[in-house]
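Input: a single structure, listed below in structure tokens.
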2 protein chains.
Amino acid sequence: MHLDDRDRKILEVLQADSRISNADLADQVGMSASALWRRVRAFEDAGLIARYGAVLDPEVAGLGFQAVVHVQLTRHKSEKLDEFVRAIQTRREVLECYATTGQADYHMRVICADLKAYNDFLENFLFRMEAVESAQTNVILRAIKKDAAILP
Amino acid sequence: MHLDDRDRKILEVLQADSRISNADLADQVGMSASALWRRVRAFEDAGLIARYGAVLDPEVAGLGFQAVVHVQLTRHKSEKLDEFVRAIQTRREVLECYATTGQADYHMRVICADLKAYNDFLENFLFRMEAVESAQTNVILRAIKKDAAILP
DNA sequence: GGTGAAATTTTAGGTGC
DNA sequence: GCACCTAAAATTTCACC
């Protein structure tokens, strides 16, 4: 899918504020509302825009603790790995989790109400899984950048 | 701000799909459209819903390479640190960046078109900054979970 | 790509429980 | 606090040029 400068501008604005009206966005980009709407529809049909979602403020939601966790898995049993993957996907505390190269097998970002809740997450969930060999917690002190837009 | 089960359900649905109509969401939650609308408005006013945004698919956008990068800074000069922070905030490749405890001073997730583009990011940007002592790249092989909703 | 109009949704306001 | 009703305003959506 080929994108011109207007397309990129449209996508940048929509990532920051998808509630903007077609007319206002059309003005910003310099085209008519219907032409703009057709482009946006094309992005949706192509799957470039996967969805539209509300973005919450974790602090206001009462979730004041975040950490980046490095996880090493045990080197046995693929069914234990599947169990790990499924468990991660269902745990609300895990916001993102990636299989990576390097020292850690997985990197994940975890959010909790406080340190006590995080300790509970570790003791009663993560360290109880057979697939988990070890995990290192890196507490997030400050966000330099977050929820940033993808700029194609 | 106190939240009941309905509030949590509303927030969960809106994070996954903010384009749903008030009437449909009201049906799912089991309340009238006007009552639902007042709750959503309250979330926005309280800042719990910070914004609404489009979520792009990186693959479709032609961005096929991602990595988690650990960064250590040099122990001198706070103005170099400020320069680092500002540079990170303006670089499109950096999707998120957190100051953390642990071995690395910063954890960030970076996205690029391909390995070549990532090499360019390292050579011509990250390693050129005086504040950066060292950086370890952890290539993302697979996403177990991403763009997950916050569940208050 | 633009114009215009129909269809739908949003955003209120008011009433009573 | 919620449900229900009503209606104006705004927005989305689409046929046609």
Side-chain angles (χ1 to χ4, degrees), chain A residues 1-63 92 113 147-152, chain B residues 1-63 147-152:
Chain A
M1 189 174 196
H2 180 261
L3 301 175
D4 62 19
D5 287 346
R6 279 173 163 174
D7 289 325
R8 280 184 281 272
K9 179 69 179 171
I10 293 167
L11 292 167
E12 185 182 346
V13 172
L14 282 180
Q15 286 181 89
D17 173 21
S18 64
R19 276 263 158 136
I20 188 173
S21 72
N22 280 327
D24 286 350
L25 182 49
D27 278 350
Q28 281 195 34
V29 184
M31 61 189 347
S32 73
S34 66
L36 172 94
W37 181 80
R38 279 192 290 262
R39 290 202 187 200
V40 174
R41 165 58 73 92
F43 297 150
E44 294 167 359
D45 291 344
L48 178 51
I49 295 180
R51 64 181 174 86
Y52 298 89
V55 179
L56 304 196
D57 183 328
E59 294 289 340
V60 180
L63 299 169
R92 60 173 59 214
D147 301 320
I150 289 172
L151 299 179
Chain B
M1 189 174 197
H2 179 262
L3 301 174
D4 62 19
D5 286 345
R6 279 174 164 171
D7 289 325
R8 280 185 281 272
K9 178 69 179 171
I10 293 167
L11 292 167
E12 186 182 344
V13 173
L14 282 180
Q15 286 181 89
D17 174 20
S18 65
R19 278 259 158 140
I20 189 173
S21 74
N22 277 325
D24 287 349
L25 182 50
D27 278 349
Q28 281 197 33
V29 184
M31 63 193 332
S32 74
S34 65
L36 172 91
W37 183 80
R38 279 191 290 265
R39 288 202 188 198
V40 174
R41 167 55 73 92
F43 297 149
E44 294 168 358
D45 290 345
L48 177 52
I49 294 179
R51 64 181 175 86
Y52 297 88
V55 180
L56 304 196
D57 184 327
E59 294 289 340
V60 180
L63 299 169
D147 302 321
I150 290 173
L151 300 178

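First the proteins, then the strands, lettered A, B, ... as listed; each starts at 1.
Taking each heavy atom of Asp57(B) and Gly47(A) in turn, the nearest pair found is CB-O, 3.4 Å. The nearest pair of heavy atoms linking Ala33(B) to Ala23(B) is CB-CA, 4.4 Å. Taking each heavy atom of Leu48(B) and Met1(B) in turn, the nearest pair found is CD2-SD, 4.3 Å.
Taken from CZ in Arg38(B) to OG in Ser32(B), the straight-line distance is 6.5 Å, to the nearest 0.5 Å. Rounding to the nearest 0.5 Å gives a distance of 5.5 Å between CG of Asp147(A) and CZ of Arg51(B).
One atom, CG of Asp24(A), and another, P of dA9(D), lie 18 Å apart when rounded to the nearest Å.
In terms of phosphate contacts, Arg41(A) brings a side-chain nitrogen or oxygen within less than 4.0 Å of OP1 or OP2 of dC14(D). Between Asn22(A) and dT12(D) there is a side-chain polar atom (N or O) within less than 4.0 angstrom of OP1 or OP2.
Reading DNA chain C from its 5' end, the first and the last nucleotide to sit under 4.0 Å from a heavy atom of chain A are dG1(C) to dT3(C).
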All N/O pairs under 3.5 Å across the protein-nucleotides 1-3 of chain D interface:
| from | atom 1 | to | atom 2 | distance (Å) |
| --- | --- | --- | --- | --- |
| dC2(D) | OP1 | Arg39(B) | NE | 3.2 |
| dC2(D) | OP1 | Arg39(B) | NH2 | 2.4 |
| dA3(D) | OP2 | Ser32(B) | N | 3.3 |
| dA3(D) | OP2 | Ser32(B) | OG | 3.3 |

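Under the 3.5 Å distance criterion, the side-chain polar atoms of Gln15(B) are left unmatched by any main-chain donor or acceptor of Leu56(A).
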Please tabulate, for the side chains in residues 2-12 of chain B, all donor-acceptor contacts under 3.5 angstrom to protein atoms that are two or more places apart in sequence or on a different chain.
| from | atom 1 | to | atom 2 | distance (Å) |
| --- | --- | --- | --- | --- |
| Asp4(B) | OD1 | Arg6(B) | N | 3.0 |
| Asp4(B) | OD1 | Asp7(B) | N | 2.8 |
| Asp4(B) | OD1 | Arg39(B) | NH1 | 3.1 |
| Asp4(B) | OD2 | Arg39(B) | NH1 | 3.2 |
| Asp5(B) | OD1 | Arg8(B) | NH2 | 3.0 |
| Arg6(B) | NH2 | Gly30(B) | O | 2.9 |
| Asp7(B) | OD1 | Arg39(B) | NH1 | 2.9 |
| Asp7(B) | OD2 | Asp4(B) | N | 3.1 |
| Arg8(B) | NH1 | Leu3(B) | O | 3.3 |

Residue pair Leu25(A), Val29(A): steps toward the side-chain contact (heavy atoms from CB on, under 4.5 Å) verdict: CA-CA 6 Å; Leu25(A) 182 49; Val29(A) 184; 3.9 Å; yes

